[in-house]
Amino acid sequence: MTMSQEKPNFKATKLLLLVHLVALLVIAHGKLPPEVSNDLNAPAFYILGDSSVDCGDNTLFYPLIHSYLSLYSCNGSDSTLIPHLLAEKMGMPNILPFYSQNGSIDGILKGLNFGSAQATIMNPSSQNYQSVNQQLRQVFDSMQLLQLQMSQETALHFIRSSIFYLSFGKDDYIDLYLRNASGAAKPNYSDQEFSHILANQMIHVIRNLYDMNVRRMICMGILPLGCTPRMLLDWYNSNPKAGEEDDAGRGCVEEINAQVSEYNKMLHEQIATLRTELPDAQIVFCDVYQGIRKIINNPERYGFEDVKSACCGLGKYGAAIGCLSKDTACEQDTSHVWWDLYNPTKAVNSLLADSAWSGSPLSRICRPTTIQELLSTASPSHPIPT
């Protein structure tokens with residue numbers, strides 16, 4: 001799967017026309033916007049991803065097309081998600097959703113969230129989903145606009161110095177399991193092959209960004225989906241005679257977690273290989289899977305009481321119907337690991353963000369360095385191509 005294999009869509013075409021329009025305006029008026037300072041180690045933060053980075057604000061018509069039956073996912077605010085918590089630590093709060101900004105140079109310079117609450121690595125099985133390729137095109141068009149508005153040297157330095165955050169795969173597995181549960185056609189490959197295909201495609205995404213002169217990337221693994229309330233409910237429904245002593249009784253379906261772990265392992269290994277192949281690229285892999293498993297295995301240590309049930313939802317485990325209204329939420333979400341069907345609470349995401357940033361309290365979430373260390377190092381600097 002390559003960027004060129006997917007048909008252009010209206011959104012990409014619209015933005016490309018905007019790029020050309022701005023270019024004509026620049027030529028007509030003979031003016032460029034003020035160039036940004038080259039002194040910052042990370043002048044901007046760009047986010048690509050799925051429901052792990054967007055609660056629906058960046059998904060067109062989300063209330064009409066969502067398939068997770070959770071209108072208020074992520075507590076209804078992107079500020080509860082890991083990338084936005086990290087943006088605050090970087091001093092870059094209020095990263096705008098891509099579709100909310102007006103396409104101006106100022107909007108792009110401040111960083112953007114290209115992520116969508118329904119986005120997959122694989123070609124979407126439904127028109128409700130966005131693909132990673134669509135987000136890559138949006139990044140490409142945005143970076144092209146920067147280069148039209150700045151000198152080549154300034155634009156190249158800006159892009160190479162900025163941080164790009166990638167978090168995909170979660171919705172691919174959710175889509176797969178939903179299709180399996182509904183009896184829809186299954187892919188013609190094994191669970192292990194599916195994990196490997198996803199990991200290989202993510203490496204392709206990283207290479208695409210590298211070709212756009214991106215050099216500093218944070219790539220997130222997938223959380224333990226087998227521990228989420230909806231997966232636990234589906235397991236319970238398919239195993240009605242199972243007792244509370246089974247794995248699911250402790251809060252996780254290990255068969256599902258094994259598949260997710262395979263993806264995380266494969267992606268981590270391929271990123272390590274890629275770092276040797278692209279020595280000027282700074283790529284950090286963050287293992288949120290292990291972080292959440294540590295919390296679930298020892299909840300009292302981290303201040304949690306309920307590791308199985310959603311704070312906001314209805315039915316067993318709060319997972320029969322997702323969070324349709326905040327009125328159905330529990331009084332203290334800080335005591336819950338899970339907010340709704342598939343998403344952690346802000347309390348969990350805050351622990352993960354703190355650990356990704358500084359390495360504490362959950363050690364070695366990110367490798368080979370913490371995100372704070374990534375920002376403290378000088379950005380890659382290479383001669384401008386002629």
Side-chain angles (χ1 to χ4, degrees), residues 50-52 55-56 62-63 66-76 80-81 117-118 128 170-184 186 191 222-261 288-289 291-300 302-349:
D50 52 24
S51 57
S52 58
C55 295
Y62 174 75
H66 70 95
S67 62
Y68 299 162
L69 295 180
S70 195
L71 282 176
Y72 291 92
S73 59
C74 325
N75 199 6
T80 66
L81 300 177
Q118 294 182 294
N128 294 348
K170 173 184 170 186
D171 288 352
D172 288 270
Y173 279 101
I174 292 174
D175 182 40
L176 176 67
Y177 296 134
L178 287 177
R179 280 189 287 159
N180 289 349
S182 66
K186 294 181 65 175
D191 294 338
I222 303 175
L223 53 71
L225 272 176
C227 302
T228 59
R230 186 52 184 260
M231 294 300 178
L232 186 58
L233 176 65
D234 289 345
W235 182 91
Y236 179 89
N237 288 338
S238 60
N239 298 274
K241 297 181 180 180
E244 287 295 307
E245 299 303 318
D246 291 305
D247 283 345
R250 298 185 59 189
C252 296
V253 183
E254 298 306 337
E255 179 182 348
I256 294 175
N257 281 341
Q259 297 173 32
V260 172
S261 294
V288 294
Y289 178 99
I292 293 181
R293 287 310 299 260
K294 287 180 180 179
I295 293 172
I296 289 175
N297 292 338
N298 195 358
E300 295 83 5
Y302 300 101
F304 297 95
E305 298 176 7
D306 193 325
V307 302
K308 295 189 297 183
S309 298
C311 171
C312 192
L314 301 173
K316 189 174 182 63
Y317 305 125
I321 298 177
C323 188
L324 299 180
S325 167
K326 290 184 180 180
D327 293 336
T328 63
C330 61
E331 291 185 0
Q332 292 186 338
D333 61 350
T334 55
S335 65
H336 283 249
V337 169
W338 303 106
W339 166 255
D340 68 349
L341 305 179
Y342 304 107
N343 296 296
T345 57
K346 182 179 180 179
V348 170
N349 284 334

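With sequence neighbours left out, F304 forms a side-chain contact (heavy atoms from CB on, under 4.5 Å) with I295, P299, Y302, V337, T345, A347, V348, L351.
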*Should L341 and I321 be marked as a side-chain contact (heavy atoms from CB on, under 4.5 Å) after you check the CA-CA gap, both sets of side-chain angles, and the distance that decides it?*
CA-CA 8 Å; L341 305 179; I321 298 177; over 6 Å; no
*Go through the steps for Q259 and Y177 under the test side-chain contact (heavy atoms from CB on, under 4.5 Å), then give the verdict.*
CA-CA 12 Å; Q259 297 173 32; Y177 296 134; 2.8 Å; yes
*Would you check, one step at a time, whether the test side chain to side chain donor-acceptor pair (under 3.5 Å) holds for S261 with Y289?*
CA-CA 8 Å; S261 294; Y289 178 99; 3.2 Å; yes
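With rounding to the nearest 0.5 angstrom, the CG atom of D306 is 10.5 Å from the OH atom of Y317. For the atom pair K346 NZ and T334 OG1, the distance stands at 11.5 Å (nearest 0.5 Å). With values rounded to the nearest 0.5 angstrom, Q332 atom CD is found 7.5 Å from E305 atom CD. In this structure, CG in L225 is found 9.0 Å from SG in C227, a value given to the nearest 0.5 Å. With rounding to the nearest 0.5 angstrom, the CG atom of L71 is 8.0 Å from the SG atom of C323.
Distance alone, capped at 3.5 Å, is enough to place a donor-acceptor pair between the N349 side chain and the T80 backbone. With W339 contributing its side chain and Y72 its backbone, the two residues share a donor-acceptor pair below 3.5 Å. Checked by atom type and distance alone, the side chain of N257 pairs as donor or acceptor with a backbone atom of G226 at under 3.5 Å. Of the possible donor and acceptor atoms, none in the side chain of W338 sits under 3.5 Å from a partner among the backbone N and O of C311.
Between A320 and G315, the shortest heavy-atom contact is CB-CA, 3.9 Å. Of all the heavy atoms in A310 and G318, the pair that sits closest is CB-O, 3.6 Å. Taking each heavy atom of S51 and C74 in turn, the nearest pair found is O-SG, 4.0 Å.
Contact of the L223 side chain with the P344 side chain is registered, since non-hydrogen atoms from C-beta on lie closer than 4.5 Å. You'll find the side chain of L81 reaches within 4.5 Å of the side chain of C55, heavy atoms only. Taking the side chain as every heavy atom from C-beta outward, N343 and D340 approach each other to under 4.5 Å. Counting only heavy atoms from C-beta outward, the side chains of L324 and L314 never approach each other to under 4.5 Å. Residues L232 and K308 have side chains in contact (heavy-atom distance under 4.5 Å, counting atoms from C-beta outward). Considering only heavy atoms from C-beta on, I296 comes within 4.5 Å of C252 through its side chain.
The side-chain tip of K170 does not point at the ring of Y342 from less than 6.0 angstrom away and within 45° of straight on.
With 2.5 angstrom as the limit on SG-SG distance, C312 and C330 do not come in below it.
At a threshold of 4.0 Å, the pair R293-E254 counts as salt-bridged, since one of the basic side-chain nitrogens sits closer than that to a carboxylate oxygen.
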